[in-house]
Protein chains: 2
Amino acid sequence: MSKSSSFLSKTEIMDAAEQTLRRFGPDKTSVTDVAKLLGVSHGTLYRHFPSKAALREAVTERWLEEQIVAPLEQIVKAPADNALAQLKVYIARLIELKLHYAEQDSEMFKMYTDVTMEAAELIEVHIQRIMEQMGILIDRGIQQKRIAQSAATSSLARSLFHATSRFHHPAHAHEWRSASIEQEFEQVWQLLEQGLTASIH
Amino acid sequence: MSKSSSFLSKTEIMDAAEQTLRRFGPDKTSVTDVAKLLGVSHGTLYRHFPSKAALREAVTERWLEEQIVAPLEQIVKAPADNALAQLKVYIARLIELKLHYAEQDSEMFKMYTDVTMEAAELIEVHIQRIMEQMGILIDRGIQQKRIAQSAATSSLARSLFHATSRFHHPAHAHEWRSASIEQEFEQVWQLLEQGLTASIH
DNA sequence: CAAATGACAAATAATATTATTTGTCATTTG
DNA sequence: CAAATGACAAATAATATTATTTGTCATTTG
């Protein structure tokens, strides 16, 4: 992780912070550890981030964008003749990604879980991003006459997000080990899908 | 809290434990504190409960039964010409009760939150109780042709429980302060209700 | 003799002490 | 002169030490 330019950039600091977080976990990484990895004094980091919390949040925000929102954007961008099926794929993928990172990138997932408790604003923005993506799929479904226009798109997106919280909210991560969790989502989805299509079939 | 009979009963111990939990909170109450309140040696309590965890769980189980399940049973028992509306009242009341105790009986609610993390079995039994009650209302709704028999009653009950987790699971308690929480439930319910009634209207 | 006691060891928690970390800012460096 | 440094105080965390709590069981009590 040698610096490419003469001056230290936010990105370089965030890269080093992420690496340190993965190694020591969010409880054990200090600003000093990150500075040590970069070969600079810890005071330098305070010229780029106003506080440790700001650095943690910046790293988490980027992680969410790259690891969760970007892969989901692929689904939204892909052409689909059945937007309702696509919406299910979208939500199933959201759940799958959360489960995957909870297991495979546990320290960064813990960081994200911590930030969820502390930085409500950042998380609200992230949820907003997810709901916007879902909104696109819902609108597409309405145009295809596969989803009934029973409420505003944004309300529907929010309701779908909340109704599936158990499957993607980090507070429930320990419940994801259950053998029946996939089946449980499947059944919740059946109910929601019937709600979305009501008065069409 | 003077003992009514010559021998110490489980109930007396649980009463004293509940009183102590309310006063000191689940983190600060020791078995010795409970024994002190009863005027007995702490060893005596171990003749009635195998461990502190068992006592905590017994108290929580009783609390859930009395404070949550019993009031809900009133709704289930009441005669209703519209079982679907009754089902909504049931779930709204479940949410209202959780919110009420989170605010008004915070130490016992904290005890319940702790137990939810530790004693999965006890909580699974409690959820089972709730789902049985919901099952009765769902069956009633099917008979009244207000709910479509799209899946097994127990599956529907479980799905409704999971889809509304955000509003009654203690891990979300801090989110219940949001001003829009009631409206959010209202919208999730609209979607679920349309799912439940699909192919009837 | 069933119920309760209380002395005891091991585990856990609380407190006191020491070490690290966070955040600032006057000074240094390229 | 913008960027980085490093000395410093205050806040926080880690460790060591002491006190309490948990759980057991041989003995006592009504």
Pair E121(A)-H126(A), side-chain donor/acceptor within less than 3.5 Å: no

Under-4.0 Å salt bridge between R129(A) and E65(A): yes

Euclidean distance, atom CZ of residue F7(B) to atom P of dT29(D) [Å, nearest integer]: 16 Å

All N/O pairs under 3.5 Å across the protein-nucleotides 16-22 of chain C interface:
{"from": "dT22(C)", "atom 1": "OP1", "to": "V31(A)", "atom 2": "N", "distance (Å)": "3.3"}
{"from": "dT22(C)", "atom 1": "OP1", "to": "K52(A)", "atom 2": "NZ", "distance (Å)": "2.6"}
{"from": "dT22(C)", "atom 1": "OP2", "to": "V31(A)", "atom 2": "N", "distance (Å)": "2.6"}

Charged N-O contact under 4.0 Å between R93(A) and E96(A): yes

Pair E193(A) + K88(A): basic N to acidic O under 4.0 Å: no

Cationic tip of K10(A) above F49(A) ring, under 6.0 Å, 45° of axis: yes

Side-chain donor-acceptor pair present, E12(B), S9(B), cut-off under 3.5 Å: yes

From T11(B) atom OG1 to M14(B) atom CE, the distance as rounded to the nearest 0.5 Å: 6.5 Å

Most 5' of R47(A) and D27(A) on DNA chain D, judged by nearest nucleotide: R47(A)

From L191(A) atom CG to S150(B) atom OG, the distance as rounded to the nearest 0.5 Å: 6.5 Å

OP1 or OP2 of dT5(D) under 4.0 Å from side-chain N/O of S41(A): yes

Between C1' of dA4(D) and CG of L8(A), the distance in whole Å: 9 Å

Interatomic distance where CG belongs to L45(A) and P belongs to dA3(D) [whole Å]: 15 Å

Rounded distance in Å - CG (L38(A)) to P (dA3(D)): 17 Å

Watson-Crick and G-U pairing of DNA chain C written in dot-bracket, each distance under 3.5 angstrom, with | for inter-strand partners: ||||||||||||||||||||||||||||||

Short side-chain donor-acceptor distance under 3.5 Å, T164(B) and H168(B): yes

Nearest-angstrom distance from the residue atom CD of E12(A) to P of dA3(D): 14 Å

Atom-pair distance (NE2 on H48(B); P on dA2(C)), nearest Å: 14 Å

